[in-house]
Asks: 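What follows is a single structure, and I will ask about it in a moment.
Sequential numbering from 1 along the given sequence is applied to the chain's residues. Please read all numbers here as calculations on a predicted model, not as lab measurements.
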Amino acid sequence: MDLFRRYFQALVAPDDGPVLIHCASGKDRTGLLAALTHWAVGVREDDLMGDFLATNALLGPRLPGLRKLASSAAGREVGDDELLARVSVGPDYLEAAFGSMIERNGSVDGYLRDVLGLDAGRKTALIDRLVA
């Protein structure tokens, strides 16, 4: 979780400029960090879930290229079901992540505060930077 903690520290650091979120596939850690960022600034849960699931709507035109890349990496033809299992997202991922945070920290806000260091002052700074 050090990576997530450093991300939120960078977001609230004064005059640090833009912050880019990325990962190998661009959906799991990236999606979770984006969802946590949305949560922290007060985006409704159904809206942040919709944003997370928007990944699936963008896959269509990219599937042929992704299939070619995955097949080359696997050394065999990768079928549609296998490819979609690897590149698509589902609500169960965020629901499980948030559920774990609630179980261990009492709430998603508790996780943000206690594990990632996003206390009230930093949360206000984040909202000021991203929303205001």
Asks: What pair of heavy atoms forms the shortest contact from Ile21 to Ala34, and how long is it?
Replies: CD1-N, 4.3 Å
Asks: Going through the checks in order, is the side chain to side chain contact (heavy atoms under 4.5 Å, CB included) test met by Glu95 and Met49?
Replies: CA-CA 9 Å; Glu95 290 166 358; Met49 181 65 78; 4.0 Å; yes
Asks: Checking side-chain contact (heavy atoms from CB on, under 4.5 Å) against Arg67, which of Val87, Asp80, Leu84 comes through?
Replies: Asp80
Asks: Hey, does the side chain of Thr55 reach the backbone of Phe52 with a donor-acceptor pair shorter than 3.5 angstrom?
Replies: yes
Asks: Using modelled atom types and a 3.5 Å cut-off, is there a donor and acceptor pairing between side-chain atoms of Thr124 and backbone atoms of Ala120?
Replies: yes
Asks: Taking all non-hydrogen atoms of both residues, which atom of Val41 and which atom of Ile127 are closest, and how far apart?
Replies: CA-CG1, 3.8 Å
Asks: Between the side chain of Arg122 and the main-chain N/O of Val12, is any donor-acceptor distance below 3.5 Å?
Replies: no
Asks: Drop me the distance from Leu3's CG to Arg29's CZ, to the nearest 0.5 angstrom.
Replies: 7.5 Å
Asks: For the CE atom of Met101 and the CG atom of Asp114, what is their distance to the nearest 0.5 Å?
Replies: 12.5 Å
Asks: By the ring-ring contact (aromatic ring centres under 6.0 Å, His included) test, which pairs, at least two apart or in different chains, include something from residues 96-132?
Replies: Trp39-Phe98
Asks: Give a yes or no on whether Leu59 and Val89 share a hydrophobic cluster (residues Ile, Leu, Val, Met, Phe, Trp, Tyr; joining criterion: side-chain heavy atoms under 4.5 Å apart).
Replies: no
Asks: Can you tell me if CG on Asp81 sees more than 12 non-hydrogen neighbours from other groups inside 6.0 Å?
Replies: no
Asks: With rounding to the nearest 0.5 angstrom, report the OG to CG distance, Ser71 to Leu66.
Replies: 10.5 Å
Asks: Could you pull out all residues at least two apart from Asp2 that satisfy side chain to side chain contact (heavy atoms under 4.5 Å, CB included)?
Replies: Arg5, Arg6
Asks: Output, in order, the C-alpha distance, side-chain angles, deciding distance and verdict of side chain to side chain contact (heavy atoms under 4.5 Å, CB included) for Val43 and Asp51.
Replies: CA-CA 10 Å; Val43 173; Asp51 183 69; over 6 Å; no
Asks: Could you grab the distance from atom CZ of Phe8 to atom NZ of Lys123, nearest 0.5 Å is fine?
Replies: 10.0 Å
Asks: Do the side chain of Thr37 and the main chain of Leu33 share a donor and acceptor less than 3.5 angstrom apart?
Replies: yes
Asks: For the atom pair NZ (Lys68) and CG (Leu83), what is the distance rounded to the nearest 0.5 Å?
Replies: 14.5 Å
Asks: Have a look at Phe4 and tell me which of Leu112, Leu32, Val115, Leu118 forms a side-chain contact (heavy atoms from CB on, under 4.5 Å) with it.
Replies: Leu32
